[in-house]
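Inspection log for the structure reproduced underneath, given as structure tokens.
Counting convention: from 1, in listed order, for ligands and their atoms alike.
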Amino acid sequence: MDKILQKSFDINQIRNDFPILSKSVNNKPLIYFDNAATTQKPKHVIDAVSRFYESENSNVHRGVHDLSQKATAIFEESREKIRAFLNAKESSEIIYVRGTTEAINLVARSYGGQFLNEGDEIILSAMEHHSNIVPWQQIAEEKRLILRIIPINDEGELLLDEFEKLISIRTKLISIVHVSNSLGTVNPVKHIIDKAHECEIPVLIDGAQSTPHMAVDVQALDCDFYTVSGHKLFGPTGIGILYGKKQLLEKMPPYQGGGDMIRSVTFEKTTYNVLPNKFEAGTPNIAGVVGLGAAIDYINSIGLNLITEYEQDLFKYASEVLGNLEGLKIIGKAANKTAVISFLCGDIHPHDIGTILDHDGIAIRAGHHCTQPLMQRLGLTATARISLAFYNTKNEIDSFAETIPKLFKIFS
Ligand code: PLP
């Protein structure tokens, strides 16, 4: 894989690294504010994926020939990069999955299927993405488990006193989002994990929206499971990570059966492979893994600390600018947030806001953001949302702000 040179935080250089950012949409320069849905890809990632298909493509793990060995080496190098990125103890704790959705389904099916029993309780929160609700509902229905929900205040913060009241001897698992995709709230997951561990309750953290914006250290957090979505981390779609503590993953049964996850198969009995292969049945998304490894190289070349610093400054600016726009109401005002701003403009439907902004080349998201229970809690059906990344700029925020009065005019 190509080495990339260490950069300082040079926003022009960074923007040049992302070919799509120089595109026009509706004859206007693209302003991409939909990073919570998926992020754009730097050339470094695009090149790594095309190079893989052009000169390294082969299946992994099963081949004796040169290409297969090379593909396997890159595939496992990426695992090591991800291990280091999350500061996991061992690379066997890094399981390749399709994304956060599959990671949570894996834990719900495997851990839930094996270790949860009728009457056991799982704690979630009111701000979860559907992918951290539905898999638990499915297993709960099958095994007669009970879901308990941590409520939030009007700012969009978890009520920690209420959380502690929900913990009981029946609580067998807690699954919480690190950063809310709808509100940007950064949850105090370390506090939650520590409280849970006092009662020996394992904790899964949905890291889909945290890993692109802040350094995550799974050993320091001491979480039992952590999820990553590659496509939100400037990598390809269809690849993600489930981190799990080795002692838990070892006890869990496989999630899917097939090639690569076995040690031996007869018609009478199958024995399973060791970690991580036990959870990686079938041909994986090899190019996706290569791209994700390249994305991590790219992020490391800038430095997550610089990325966080830049984004926090941008977020502060955006909050001030949007806060001063007449008629625009920000939804979610937690004290600790990443650069996600949900908003409403009077009674203009968020889809209309999205459509009008698109005419000006500005890509935002409108809808329930896969958090319908959160919307119900807030008394809303939808919001408009901008979500920033480290390639966005204050100028782009100014351009966005200029379109809002136009929007009110159109709908007045
Ligand atoms: N959790 C959160 C907080 C998300 O924002 C998302 C995607 O938007 C997901 C889970 C699902 O992630 P994926 O699309 O990688 O399965």
Quiz item: Between Y272 and K278, is there a cation-pi geometry (under 6.0 Å to ring centre, at most 45° from the normal)?
Solution: no
Exercise. Go through the structure and list residues passing salt bridge (Lys or Arg N to Asp or Glu O under 4.0 Å) with K70, not counting sequence neighbours.
Key: D66
Quiz item: Which residues pass the salt bridge (Lys or Arg N to Asp or Glu O under 4.0 Å) test with D358, sequence neighbours left out?
Solution: none
Quiz item: Angle class for the Y111/F225 ring planes (parallel below 30°, perpendicular above 60°, tilted otherwise)?
Solution: perpendicular
Practice problem: Flag the pair D154 and R377 as a salt bridge only when some basic side-chain nitrogen lies within less than 4.0 angstrom of an acidic carboxylate oxygen. | Solution: yes
Quiz prompt | Which residues share a side-chain contact (heavy atoms from CB on, under 4.5 Å) with R109, sequence neighbours left out | solution = Q138, I139, E142, Y255
Could you go through ligand 1 and list every pair where one of its N or O atoms sits under 3.5 Å from a protein N or O, giving the atom names and the distance to one decimal?
residue, atom, partner, partner atom, Å
ligand 1, 1 (N), D206, OD1, 3.3
ligand 1, 1 (N), D206, OD2, 2.6
ligand 1, 5 (O), Q209, NE2, 2.7
ligand 1, 8 (O), H129, NE2, 3.4
ligand 1, 8 (O), K232, NZ, 2.5
ligand 1, 12 (O), S229, OG, 3.4
ligand 1, 14 (O), H231, NE2, 3.2
ligand 1, 15 (O), T100, N, 3.3
ligand 1, 15 (O), S229, OG, 2.6
ligand 1, 15 (O), H231, NE2, 3.2
ligand 1, 16 (O), T101, N, 2.9
ligand 1, 16 (O), T101, OG1, 2.5

